[in-house]
Amino acid sequence: MSSHKGKVVLVTGAGRGIGRSIAECFAAQGAAVGVLDFDSANSSETASALLARGFLAHGVQADVANIDEVRQACEQVEKVFGPIDVLINNAGISPKHNGIRAEAAEMDIEEWKSVIDVNLTGCFNTVRVLAGGMKSRKSGSIINMSSVAGKAYCPLVGIHYSTTKAALIGFTRHLAGELGPYGITVNAIAPGRIDTPMMRTVSAAANKAVIDQTPLGRLGSPEDVANLALFLTSEKANFITGQVCDVAGGWLMT
């Protein structure tokens with residue numbers, strides 16, 4: 001029997017890409033999945049597709065940068081399925097301009113703020129809303145989606161993106177320390193180049209350069225990331241917390 005059967009899982013940024021794959025994998029393991037996305041059409045379509053396969057899913061719309069919207073979305077999911085046991089903080093943005101990042105010296109301050117708000121504050125907001133319930137139940141799992149770009153220089157992304165992904169590593173470790181005494185695990189996943197719509201915002205040549213530097217010689221798949229999320233939130237990983245796990249095909253070895 002899956003250790004996720006009967007669990008309630010909230011996945012942010014679940015309308016497409018890595019988030020959608022994570023939602024699909026958890027649902028296939030018997031979890032009830034809250035599919036949260038900024039785009040209501042994407043969240044609804046993903047949830048409908050899961051329901052059509054006989055899985056438990058409920059789509060909700062929210063801007064993770066807005067804590068009131070996050071709170072309302074979480075309340076909707078918990079009204080349908082009950083208390084949220086697993087939080088996957090996947091929502092994130094990485095703005096490009098005709099496929100090219102903005103350099104720090106030319107970056108618009110509003111673009112900087114928007115990435116900080118979604119990628120970093122968005123994770124704080126979901127934790128702020130859900131951690132209290134997990135503490136009272138003395139159980140729960142949280143995954144924060146970092147990136148290898150938060151651990152080493154990556155020329156494909158902007159400084160705002162890499163900064164937020166580096167910050168999430170510190171966020172994860174601190175939160176693991178705070179919540180560990182309550183039986184709650186907190187870990188981060190650091191993907192490399194994963195074959196998603198976000199990856200395709202840069203040129204094929206740029207992505208090929210990454211593949212050429214990757215020992216396994218390919219892009220990652222969203223399922224590669226989802227499978228790790230399943231493990232880290234399972235009973236088999238209940239003594240693993242405060243860790244940052246790369247899914248990058250060997251692109252970054254530390």
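Reckoned from all heavy atoms, side chains included, excluding hydrogens, waters and symmetry mates.
- Of the possible donor and acceptor atoms, none in the side chain of Gln213 sits under 3.5 Å from a partner among the backbone N and O of Trp251.
- Checking side-chain atoms of Asn187 against main-chain N and O of Ile240 turns up a donor-acceptor pair under 3.5 Å.
- Summarising the geometry, atom CD1 belonging to Ile142 is positioned 7.5 Å from atom OG1 belonging to Thr126; distances are rounded to the nearest 0.5 Å.
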* To do: Applying side-chain hydrogen bond (donor to acceptor under 3.5 Å, both in side chains), run through His97 and Glu111 and close with a yes or a no.
  => CA-CA 11 Å; His97 304 271; Glu111 180 176 310; 2.8 Å; yes
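- Using modelled atom types, no side-chain atom of Ser48 and backbone atom of Glu45 make a donor-acceptor pair closer than 3.5 Å.
- Listed here is the closest heavy atom pair of Cys74 and Leu10: SG-CD2, 3.8 Å.
- At a threshold of 4.5 Å between non-hydrogen side-chain atoms, the residues Ile159 and Met107 count as touching.
- A distance-only check finds no donor-acceptor pair linking the side chain of Ser21 to the backbone of Ile18 [under 3.5 Å].
- Distance check, rounded to the nearest 0.5 Å: SG of Cys123 to CG of Leu87 gives 8.0 Å.
- Judged by distance alone, the side chain of Asp195 and the main-chain N or O of Pro222 form no donor-acceptor pair under 3.5 Å.
- Between the side chain of Thr164 and the backbone N or O of Tyr161 there is at least one donor-acceptor pair closer than 3.5 Å.
- Here the side chain of Ser146 pairs no donor or acceptor atom with the backbone of Ile189 at under 3.5 angstrom.
- Annotation for Met145 and Leu168: closest pair O-CD1, 3.4 Å, computed over non-hydrogen atoms.
- In this structure, the side chain of Ser43 does not engage the main chain of Leu36 through any donor-acceptor pair within 3.5 Å.
- No single ILVMFWY cluster, assembled from side-chain heavy atoms under 4.5 Å apart, contains both Val80 and Leu51.
- Atom OG1 of Thr121 and atom CD1 of Ile67 lie 10.0 Å apart (nearest 0.5 Å).
- Clustering ILVMFWY residues whenever any of their side-chain heavy atoms sit less than 4.5 angstrom apart, transitively, puts Val64 in a cluster other than the one holding Phe38.
- Sorted by first and then second residue, the side chain to side chain donor-acceptor pair (under 3.5 Å) pairs with a member in residues 217-230 read Arg218-Asp224, Ser221-Glu223, Ser221-Asp224; sequence neighbours excluded.
- Side chain of Ser44 to backbone of Ala41: no donor-acceptor contact under 3.5 angstrom is found.
- Side-chain atoms of Ile143 and Ile88, non-hydrogen and from C-beta on, do get closer than 4.5 Å to each other.
- Looking at heavy atoms from C-beta onward, His4 lies in side-chain contact with Thr233 at the 4.5 angstrom threshold.
- At least one donor-acceptor pair under 3.5 Å links the side chain of Thr46 to the backbone N or O of Gly15.
- A single hydrophobic cluster is seen to contain both Phe55 and Val11, as judged by linkage of ILVMFWY side chains at heavy-atom distances under 4.5 Å, directly or through other members.
- By the side chain to side chain contact (heavy atoms under 4.5 Å, CB included) test, His174 pairs with Glu178, sequence neighbours left out.
- For Asn89 against Gly122, the heavy-atom pair with the smallest separation is OD1-O, 4.4 Å.
- The structure places CD1 of Ile211 at 11.5 Å from CG of Leu216, a figure rounded to the nearest 0.5 Å.
- Counting all heavy atoms, side chain and backbone alike, Ile184 lies closest to Thr241 at O-OG1, 4.2 Å.
- The closest side-chain heavy-atom distance from Lys135 to Leu179 is below 4.5 Å.
- You'll find the side chain of Arg193 reaches within 4.5 Å of the side chain of Leu156, heavy atoms only.
- Using a 4.5 Å heavy-atom cutoff, the side chains of Lys151 and Ile169 are in contact.
- Val33 and Ile84 are assigned to two separate hydrophobic clusters, defined by single-linkage of ILVMFWY side chains at heavy-atom distances under 4.5 Å.
- Note on residues 24-42: pairs passing salt bridge (Lys or Arg N to Asp or Glu O under 4.0 Å), not counting sequence neighbours, are Arg20-Glu24.
- Rounded to the nearest 0.5 Å, atoms CG (Asp85) and CG (Leu130) are 10.5 Å apart.
- Using a 4.5 Å cut-off on side-chain heavy atoms (C-beta onward), Leu232 and Gln243 make no contact.
- Within 6.0 Å of CZ on Arg137 lie more than 12 heavy atoms contributed by other residues, nucleotides or ligands.
- Note on ring orientation: taking the six-membered ring where Trp is involved, the planes of Phe81 and His58 are perpendicular (angle over 60°, cut-offs 30° and 60°).
- For the atom pair Leu252 CG and Asp246 CG, the distance stands at 5.5 Å (nearest 0.5 Å).
- Scanning both residues, Cys154 and Ala149, for their nearest heavy atoms gives CB-CB, 3.9 Å.
- Annotation: Ile93, atom CD1; neighbour count of heavy atoms from other residues, nucleotides and ligands within 6.0 Å is above 12.
- Annotation: side chain of Val186 is not in contact with side chain of Phe171 (no heavy-atom distance under 4.5 Å).
- Between Arg71 and Glu69, none of the side-chain N atoms (NZ, or NE/NH1/NH2) sits under 4.0 Å from a carboxylate O, so this pair counts as no salt bridge.
- Hydrophobic clustering of Ile, Leu, Val, Met, Phe, Trp and Tyr side chains at less than 4.5 Å, counting indirect connections, unites Val77 with Leu56.
- The two residues Gly92 and Asn119 have their closest heavy-atom pair at CA-OD1, 3.1 Å.
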